[in-house]
Student: 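One structure follows; several queries about it will come next.
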Amino acid sequence: MSKPKKLSFADRLLGWFDVHGRHDLPWQSPRDAYRVWLSEVMLQQTQVATVIPYFDRFIKALPTLPDLAEADEDTVLALWSGLGYYRRARFLHAAAKQCVALHGGELPRDYDALAALPGIGRSTAGAILAQAHGLRFPILDGNVKRVMTRFHGIHGHPGQSAIEKQLWALADKHTPAARAADYTQAIMDLGATLCVRSRPACEECPMSVDCVAFRDDLTGQLPSTKPGKVTPTRQTVMLVLRDAQQRVLLERRGEQGVWAGLWSLPEALDSEDAWKAAERLARIDDARALAPFTHVFSHYKLKVEPLLFDEATAHAAIADNPRLRWCDTGDIAALGLPAPVRSLLQSL
DNA sequence: AACGCGGGGCA
DNA sequence: TGCCCAGCGTT
């Protein structure tokens, strides 16, 4: 006796959808390509609840694709007003005109022709073909990405091309030949109502029995967040000139750029430059490298190599420079210093 | 205040 | 190819 065959991803999802899915969205009835297209473009940027009134208003004013093509741009933009991403409204308008000019006033049923229209990429083309015509095409919007990364336990930011490729393959694998329209709506509904970004409702989710993220308690880590931009690393040598009274020479930074206006240490590009710079500031004869450290800014990292010049004797000339001053510990406490510089000086 | 959203456009 | 952008909603 053979075991009962395990339900496929699509079958389980569709079973849930029939009971709990959304069946009364305005673009579901009547479900034509123009309405699906409009809803998809609006939904690229905005959630269902917000989209509905905009969709209703838009479709009432411009009920068919030729109506949109003939409308003037101001009308289209006015109907879009409040949704943001106005370039999409312009693409929508331009695509409608192209459909009138090239495709008999209808959206093409051919994937390549559809994806060639402005504002329609792979996912939107798939959604239109699946939802309006029941054709087996996958979609990969934010909902599907979230469901796939969690269900399969895919680590790595979905924006990375390798991850995205993997997600497309999984989205395609799970898309059934039968009920393609319902499946497309079902997976979006799952992502929008249960498999939400924070605090997903796994207890109610029909897919959790086979979901890797649920099994391994990873729903909080998946999908992986966008990695911080690879920040460039810059280097600097900070000069710690200390005189016989243990005072340190501080230099006020310029008004532009990082740490603007703060008191900091004189800097040099490298250790060779550091000697020259130090000799301009004081009479010195000995240097000792201190422990280097890296300071992280939002947009770059700064590797700091501090160089200590002890027993420095100030040149008379620098006394006249208001941007330079010899400070003892008490002075330093009262001045605005960048945190890493303060910390460096305290460690001396 | 930071992040995410699909697709287009640019290096 | 990878990256930046748009404008608003969500967290």
Side-chain angles (χ1 to χ4, degrees), chain A residues 27 36-55 57-58 73 76-99 107-108 111-131 137-150 154-172 184-185 187-201 219-232 296-300:
Chain A
W27 43 90
V36 169
W37 172 38
L38 178 62
S39 73
E40 283 300 320
V41 176
M42 288 182 167
L43 290 166
Q44 283 172 13
Q45 68 207 35
T46 309
Q47 300 204 331
V48 167
T50 310
V51 159
I52 289 174
Y54 283 91
F55 179 88
R57 188 174 63 153
F58 198 106
E73 182 155 296
V76 177
L77 290 175
L79 290 166
W80 205 265
S81 176
L83 276 176
Y85 267 127
Y86 299 96
R87 201 167 64 137
R88 291 184 184 176
R90 294 205 180 83
F91 283 146
L92 195 78
H93 195 204
K97 289 180 176 176
Q98 284 187 31
C99 288
L107 280 162
Y111 174 86
D112 291 326
L114 210 43
L117 292 168
I120 301 183
R122 185 174 176 183
S123 190
T124 304
I128 293 168
L129 293 171
Q131 301 235 67
F137 280 88
I139 64 162
L140 188 64
D141 69 354
N143 293 312
V144 183
K145 285 177 181 169
R146 203 162 48 248
V147 171
M148 291 301 154
T149 52
R150 286 179 175 159
I154 310 268
H155 292 261
H157 184 247
Q160 273 178 270
S161 52
I163 304 294
E164 190 171 12
K165 196 174 164 187
Q166 215 180 338
L167 295 175
W168 269 113
L170 292 167
D172 182 56
T184 301
Q185 186 63 52
I187 193 147
M188 289 193 292
D189 283 1
L190 188 81
T193 63
L194 299 184
C195 197
V196 292
R197 188 144 68 99
S198 33
R199 307 183 130 276
T219 54
Q221 348 286 331
L222 298 177
S224 307
T225 52
K226 187 176 168 182
K229 283 177 222 159
V230 260
T231 50
V296 181
F297 292 101
S298 57
H299 49 309
Y300 66 92

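In this text, all values refer to a predicted model and were calculated from it rather than measured experimentally. Heavy atoms only: backbone and side chains are in, while hydrogens, waters and symmetry mates are out. Within every chain, numbering begins at 1; the chains are lettered A, B, ... in the order of the sequence lines, protein sequences first and strands thereafter.
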Student: Rounded to the Å, how far apart are A:Leu77 CG and C:dG7 C1'?
Tutor: 14 Å
Student: Enumerate donor-acceptor pairs with a distance under 3.5 Å from any side-chain N or O in residues 190-201 of chain A to protein atoms, sequence neighbours excluded.
Tutor:
{"residue": "A:Thr193", "atom": "OG1", "partner": "A:Asp189", "partner atom": "O", "Å": "2.7"}

Student: Take atom CD of A:Gln98 and atom P of B:dG8, then tell me their distance rounded to the nearest Å.
Tutor: 11 Å
Student: side-chain hydrogen bond (donor to acceptor under 3.5 Å, both in side chains) with A:Gln166: which residues, sequence neighbours excluded?
Tutor: none
Student: Please give, in whole Å, the distance from B:dA1 C1' to A:Lys226 NZ?
Tutor: 15 Å
Student: Which residues satisfy the ring-ring contact (aromatic ring centres under 6.0 Å, His included) test with A:Phe58, sequence neighbours excluded?
Tutor: none
Student: Taking only residues two or more places apart in sequence, or in another chain, which ones meet A:Glu73 in a side-chain hydrogen bond (donor to acceptor under 3.5 Å, both in side chains)?
Tutor: A:Arg90
Student: Under 4.0 angstrom, heavy atoms only, what part of the nucleic acid is A:Leu140 near: base, sugar-phosphate, or nothing?
Tutor: nothing
Student: Hey, which of A:Leu38, A:Leu43, A:Val41 is the one that makes side chain to side chain contact (heavy atoms under 4.5 Å, CB included) with A:Val51?
Tutor: A:Leu43
Student: With sequence neighbours excluded, what pairs up with A:Phe91 under the ring-ring contact (aromatic ring centres under 6.0 Å, His included) test?
Tutor: none
Student: Restricting both atoms to N or O, compile the protein contacts to nucleotides 9-11 of chain B shorter than 3.5 Å, with distance only.
Tutor:
none

Student: Without placing hydrogens or testing angles, list every side-chain donor-acceptor pair under 3.5 Å for residues 114-125 of chain A, not counting sequence neighbours.
Tutor:
{"residue": "A:Ser123", "atom": "OG", "partner": "A:Leu140", "partner atom": "N", "Å": "3.0"}
{"residue": "A:Thr124", "atom": "OG1", "partner": "A:Gln44", "partner atom": "NE2", "Å": "2.7"}

Student: Could you state the atom-to-atom distance from NZ of A:Lys165 to C1' of C:dT1 in whole Å?
Tutor: 13 Å
Student: What's the CD-P distance between A:Gln44 and C:dC5, to the nearest Å?
Tutor: 19 Å
Student: I need the CD-P distance between A:Glu164 and B:dG4, as an integer number of Å.
Tutor: 14 Å
Student: Measuring only between side-chain heavy atoms, which start at C-beta, is A:Trp168 closer than 4.5 Å to A:Asp172?
Tutor: no
Student: Between A:His157 (NE2) and B:dC5 (C1'), how many Å, whole number?
Tutor: 10 Å
Student: Just call it for A:Ile139: base, sugar-phosphate, or nothing, with non-hydrogen atoms closer than 4.0 Å on any strand.
Tutor: nothing
Student: Who pairs with A:Arg146 by side-chain hydrogen bond (donor to acceptor under 3.5 Å, both in side chains), at least two apart in sequence or on another chain?
Tutor: A:Asn143
Student: Return the polar atom pairs (N/O with N/O) between nucleotides 8-11 of chain C and the protein under 3.5 Å, or none.
Tutor:
{"residue": "C:dC8", "atom": "OP1", "partner": "A:Tyr86", "partner atom": "OH", "Å": "3.1"}

